[in-house]
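First up is the structure itself, then whatever we jot down about it.
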Amino acid sequence: MKYTEDHEWLRVEGDLIVVGITEHAATQLGDVVFVELPETETMVASGDEVVVIESVKAASDILAPVDGEIVEVNAKLVDAPGLVNDDPLGAAWFFKIKVDDLAVLDQFMDEDEYNDLIG
Amino acid sequence: MAGSSCRNGAGLLSKSGFGRGSGLSDPKLKRLGLHDLHTALGGKMVPFAGYEMPVQYPAGVMKEHLHTRSAAGLFDVSHMGQVILRPKTGMAALALAFEAMMPVDVAGLAQGRQRYGLFTNDAGGILDDLMFANRGDHFFVVVNAACKEADVAHMQAHLGAVADVQYVENRALLALQGPKAGDVLARLIPETATMRFMDVARPVWNGVELWISRSGYTGEDGFEISLPDPEAEPFAKALLAEPEVLPIGLGARDSLRLEAGLCLYGHDIDTTTSPVEAALTWATQKSRRTGGARQGGFPGAARILTELASGPTRQRVGLRPETRAPMREGTELFTQSGDPVGSVTSGGFSPSVEAPVAMGYVLRSNAAIGTVLMGEVRGKRLPVTVCELPFHPTSYKR
């Protein structure tokens with residue numbers, strides 16, 4: 001598992017990268033009440049806002065961590081946004097992105113480095 | 001779909017919730033008397049109206065909100081301004097002078113009772129909203145934190161000849177709200193059991209005088225309790241020791257008052273909104289209206305009485321977004337054919353309704369209950385229906 005400075009986790013699944021948010025982020029956001037997902041087959045660039053996530057407190061964005069194509073989204077989150085708080089590292093993945101080269105993951109933090117960041 | 005999004009975002013934890021982004025490093029921020037208790041309870045402190053305030057405790061906004069609706073919540077609202085108006089030449093003269101500052105009946109307020117008031121300006125806009133109580137030989141006034149210095153100066157200017165305007169230092173203000181608030185407080189202070197909504201009393205607890213009103217800002221039955229700073233912590237701990245009581249932060253305070261259809265000064269009401277536009281006409285008793293015993297004579301009377309008679313051009317309404325997307329403050333509103341009609345002034349997710357709710361101002365021609373408008377959220381226009389307020393029924397002990 002890799003981590004971004006924007007509190008996303010990245011997990012490899014075949015030739016795809018699965019993206020979710022960390023437990024730290026879910027806790028900081030508070031109770032999530034709304035999730036808006038991107039359309040599949042969308043080409044995104046690193047830094048694009050691809051997901052809108054709203055807690056009782058405020059609206060936030062999840063950014064595309066890398067350039068690629070959104071190939072699958074977790075539609076369950078639309079009807080059950082609370083999953084983000086209940087199981088941020090598992091059931092509440094947001095989207096799967098197809099990249100040219102998985103080596104793009106090398107730039108991101110490992111778990112120890114991420115824990116230092118939020119420490 | 002090809003190409004990439006043109007939006008380039010700010011990221012997950014960088015946008016504002018309450019106070020986020022401004023930090024607690026501002027040396028001018030004041031601390032509440034109960035600061036240490038809040039941090040010991042795990043309160044997350046954020047800057048609000050010049051104070052470090054608990055926005056939430058470990059339970060989180062959603063649970064705190066629902067707990068207040070089902071049991072009892074304890075709020076620290078000590079940032080608000082407490083003011084005593086002590087008459088120099090008798091209560092009657094003071095009541096009439098105070099009344100001349102507001103489109104509200106002050107002279108008719110019985111001893112031991114509290115009322116909602118509004119300071120207006122000459123243009124009919126709202127300078128602040130407040131609560132005032134007739135305590136026999138003086139008035140006790142509670143005003144918003146962000147306005148309190150201006151309010152004291154305003155009262156000094158208008159009432160200085162007939163009253164000593166005394167800002168109350170060194171007293172905390174707590175709110176105990178929820179369906180169990182009455183049971184809980186009666187356990188500590190039995191004489192509160194007979195208080196009705198908007199009654200005030202000054203019972204003694206552990207040798208100190210509490211200033212209690214049966215009121216609040218959540219739509220629930222409950223109390224606001226002013227007491228000397230040194231006694232605030234033992235009193236708060238005594239309340240928190242009751243099984244029904246949880247500490248509640250500003251986050252839930254905001255969602256509770258929104259569900260109750262209550263205005264937040266600086267958001268839903270300000271100097272640009274009149275009391276009639278704000279749908280606060282219930283605050284203006286007959287005696288102050290055209291044809292009443294003491295009609296007019298308050299700042300902005302020309303506009304306010306005209307709007308009472310023939311209606312405002314725009315008015316505050318309840319709004320129910322039809323999709324799950326919350327419509328927050330600033331969301332622009334349009335007719336279905338695309339004409340702008342107003343904007344949202346407060347909005348979010350309602351834990352009790354389990355859906356997004358909002359309030360805002362729309363042109364009167366679009367204010368009828370059931371009117372479907374469009375609210376623009378992140379560039380998309382989504383349906384939103386004008387509805388009655390409050391979103392959650394109030395349960396005051398009248």
Side-chain angles (χ1 to χ4, degrees), chain A residues 3-9 19-22 24-70 77-82 84-85 88 94 117-118, chain B residues 1-21 44 46 55-66 249-252 254-256 258-259 321 323-331 347-357 377-380 382:
Chain A
Y3 300 86
T4 74
E5 288 179 359
D6 283 316
H7 310 283
E8 293 149 299
W9 55 256
V19 181
I21 69 168
T22 65
H24 170 74
T27 303
Q28 291 293 312
L29 287 170
D31 303 291
V32 173
V33 296
F34 174 76
V35 172
E36 186 177 280
L37 296 165
E39 289 179 42
T40 54
E41 298 174 33
T42 307
M43 299 302 295
V44 296
S46 168
D48 284 352
E49 298 174 3
V50 286
V51 173
V52 176
I53 178 168
E54 298 213 23
S55 72
V56 284
K57 285 181 277 184
S60 310
D61 307 299
I62 296 178
L63 311 183
V66 294
D67 299 350
E69 181 186 0
I70 305 280
L77 297 181
V78 173
D79 290 324
V84 177
N85 300 103
F94 282 86
L117 176 78
I118 61 172
Chain B
M1 194 166 119
S4 71
S5 162
C6 60
R7 291 185 299 156
N8 208 275
L12 195 52
L13 298 181
S14 55
K15 284 202 180 166
S16 65
F18 265 102
R20 186 174 291 142
K44 182 175 162 190
V46 301
V55 65
Q56 65 171 79
Y57 298 89
V61 176
M62 188 91 82
K63 286 198 179 77
E64 291 171 27
H65 178 117
L66 294 171
L250 283 178
D254 191 50
S255 53
L256 287 159
L258 171 57
E259 279 182 0
T323 73
R324 296 184 69 105
M327 293 187 183
R328 301 195 186 258
E329 181 175 0
T331 300
F349 183 82
S350 159
S352 303
V353 180
E354 299 182 320
V357 299
V377 179
R378 292 177 288 270
K380 272 184 254 175
L382 304 172

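Everything numeric here is computed off the predicted structure, so don't read it as measured data.
- For chain A, the option among B:Gly348, B:Pro326, B:Ala355, B:Gly60 with the highest count of heavy-atom pairs below 4.5 Å is B:Pro326.
- A donor-acceptor pair under 3.5 Å is formed between the side chain of A:Lys57 and the backbone N or O of A:Gln28.
- For a residue to count as touching a neighbouring chain, one of its non-hydrogen atoms must lie under 4.5 Å from one of that chain's; by this rule B:Glu354 does not touch chain A.
- With a 4.5 Å cut-off on side-chain heavy atoms, A:Glu49 and A:Ile62 do not count as touching.
- At least one donor-acceptor pair under 3.5 Å links the side chain of A:Asp31 to the backbone N or O of B:Met62.
- Per-residue counts of heavy-atom pairs under 4.5 Å with chain B were compared for A:Val56, A:Ile53, A:Thr27, A:Val35; the largest is that of A:Val56.
- Salt bridge present: B:Arg328 and A:Glu54 bring a charged side-chain N and a carboxylate O closer than 4.0 Å.
- Using a 4.5 Å cut-off between heavy atoms, A:Thr4 does not touch chain B at all.
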